[in-house]
Each structure stands twice: as C-alpha cells, then as structure tokens.
There are 2 protein chains.
Amino acid sequence: MENTVTKENPEEVGNHASSACTKSLGECTKSILPVRDALEVLSGKWKLPIIISLMFGNKRFSQIAKEVPGITDKMLSKELRDLEANELVKRSVYNAIPVVVEYSLTEYGFSLQNVIAVLRNWGTTHRKRIMGAE
Amino acid sequence: MENTVTKENPEEVGNHASSACTKSLGECTKSILPVRDALEVLSGKWKLPIIISLMFGNKRFSQIAKEVPGITDKMLSKELRDLEANELVKRSVYNAIPVVVEYSLTEYGFSLQNVIAVLRNWGTTHRKRIMGAE
DNA sequence: GTAAGTACTATACAAAAGGATAGTTAAATA
DNA sequence: TATTTAACTATCCTTTTGTATAGTACTTAC
C-alpha cells in the first residue's frame, strides 16, 4: 500500500534490476550454486551447533547432548553420522572399560571457523534488532 | 576400528576436551545461541539463494523463479513472505497495467553480504573436495 | 540382585518442508 | 474467442525433520 505508485514511465520498472543478471545468462544462478553446496552439508537446525560444541574441544556423546540445547539422542546420533560421512567430524572409539566414544572436529571441520564467526556476528546483531523492535 | 586403542591412561580420554567448555558453565552453549538466531531466519534450501538473486538487482517474481534453480512458485511465494516479514526483502507494488510487483533487498538484507561471501567461498572449496574425491 | 551410567538403536508418531499440478484474476495479444 | 503472461493461491502428496518413549549391551556401584 505505502509502496503503491502510479505508473508514469512503465519501462523503468525493474529495468536496472534485471540488467545486472540478464547480461550474461546465468551469472546470478552460477553465484548461487556454491552456496547451495555449502547448505547441503550444513543445513538443518543441529549441524552447526554440534560443530560449534566440538570447536570447544573433543566431546563424548552425552556431553554434546548437554551442550546443544534441545537436541534429542536420536537427532544427535543421526547428525553425527552425517557429519562423519562428510568428514567434518571424527569418531574415535577407545577400548576402555566401559567403552568410551569421543567425537572431534577434523581439520576440515575447523575450516568452518570463519563461516561460524560471521554467522554468529550476524546472529548477534539480528537478536538485538528483534529484541529492540518488540 | 582404526581408532580403537587400548586404554592405558584412562583419565586422559576426553579431558582437555571437556575442560574448555565445562569451566564456566554454558560458555559453549552461549556461543551457540546467536548462530541459532541466524539459522532461524536463514534456514532452508531457498532463502539464501533468493537473497543472492536479489543482490544482483531488484527482480520480479518470475525472474527470481527463473534464476533460482529448481524452486517452485509455491516455495518462492512462501519464502518471499518470510523474508519480507523479517525485513530482509521489500515488496513494491506498482499500479501499472498490468500490475507489476518488484522485490528488492532492504539495507538489512544487504547486511548478509559477508555471510554469503564466506559461505560461497567455503562451498566452492567443498565442491572441489567432493569432486576430487570421487 | 538391583540400580545407574554410557552410547546408542528402534519404534511410532507429529509437524514442517518441499514438490507436482492445477486454478485464479485480469489485461494484452492473436 | 482462445491463448498468453504475471503473480500468485490451493490442493494433495511425499520426504525430512523432530519428539517421545522404550530398549539394548556392558560394567560398575550399592
């Protein structure tokens, strides 16, 4: 409503808009693909929180469960398997009595450090924003 | 199996691990929360791709649909509404004949630029990694 | 023997996300 | 009159994600 405007010069609407992306066909789409590759591995509610938890040090199953708020055993078990399959997390079994299973980040997992840092910064300002708005 | 180790010094297992996070209770959990705030707004397969598409310029509905590979009208419509609710995207209606609806990023939407840049970098190297592995 | 802890797995189910297809309104075009 | 385009909405369906609850194997503690 506020943005409704009577059209005086029709050809201007959305023109500068499309030009940037229509010039070379698919430039915009090409730029989306690597982000989708990243999202495929990281998407969902739990993967990044689990990775963050492991950035603080190697952990056992139940420790991660305690530190990632709200996660259930089933989800944690599933997500750890996914992360292991993508070589972001390593699972080490120690033949102790009783058996001890320790999870750690791989080097590759640590390569997500700046992704997480940037996301945390954005999340922090975003939280302030919504808090302030209410 | 490869990581199975006979336990000689039991107290070493997972010790340096937990210490970092158990020292001050919840330090690790606290670090997770802002990332969850960010994920709440950005999660899903489509939101970031749509935002990227709009970083290339203002667009109409069907243009975005063309540029974001695989998205359906229903998903695009829903995600645009979500993004608008979070003030990342602005919807402008022009009283043209026929009516023209244009979507653009808000300033706040543009604040995601470095999030996307970092994610794109990571995604690019990740893609190389999986391509090379196969 | 019973209970408790660790690291899970199994089952059943509910909710959310995503996909396929079709329909709507309204004007413009053939 | 029929078709096309734009910008959706509606319906139905499948998949994924998430929740709740229970169970298992093993060992130590009471």
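From a predicted model like this one, the values you see are computed outputs, not experimental measurements. Lettering of chains follows the sequences in order, A, B, ..., and the numbering in each one begins at 1.
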Distance test, side-chain N/O of [X] to OP1/OP2 of [N], below 4.0 Å:
{"X": "A/K45", "N": "D/dT16", "value": "no"}
{"X": "B/W46", "N": "C/dG19", "value": "yes"}
{"X": "B/Y94", "N": "D/dA7", "value": "no"}

Flag this pair as yes if the NZ/CZ of A/R129 is under 6.0 angstrom from the six-membered ring centre of B/Y108 and inside a 45 degree cone about the axis; otherwise no.
yes
Checking side chain to side chain donor-acceptor pair (under 3.5 Å) against A/S77, which of A/K74, A/R81, A/E79 comes through?
A/R81
Rounding to an integer number of Å, can you tell me how far [X] [atom1] sits from [N] [atom2]?
{"X": "B/R60", "N": "D/dA6", "atom1": "CZ", "atom2": "P", "value": "7 Å"}
{"X": "A/R91", "N": "C/dT6", "atom1": "CZ", "atom2": "P", "value": "16 Å"}
{"X": "B/Q63", "N": "D/dA6", "atom1": "CD", "atom2": "C1'", "value": "12 Å"}
{"X": "B/L48", "N": "C/dA17", "atom1": "CG", "atom2": "P", "value": "15 Å"}

Of A/K66 and B/S43, whose nearest nucleotide on DNA chain C comes first from the 5' end?
A/K66
Salt bridge flag under 4.0 Å for residues A/K59 and A/E67
yes
When all nucleic acid strands are considered with a 4.0 Å heavy-atom cut-off, which category describes B/G44: base, sugar-phosphate, or nothing?
sugar-phosphate
Heavy-atom side-chain proximity of B/N58 to B/Y103 below 4.5 angstrom
no
Identify, residue by residue, the members of residues 69-85 of chain B with a heavy atom below 4.0 Å from DNA chain D, and return them in order of residue number, or none.
B/D73, B/K74, B/S77, B/R81
Under 3.5 Å donor-acceptor, B/T106 side chain and B/L88 backbone:
yes
Can you tell me which residue among B/M55, B/Q113, B/K90 is in a side-chain contact (heavy atoms from CB on, under 4.5 Å) with B/L105?
B/M55
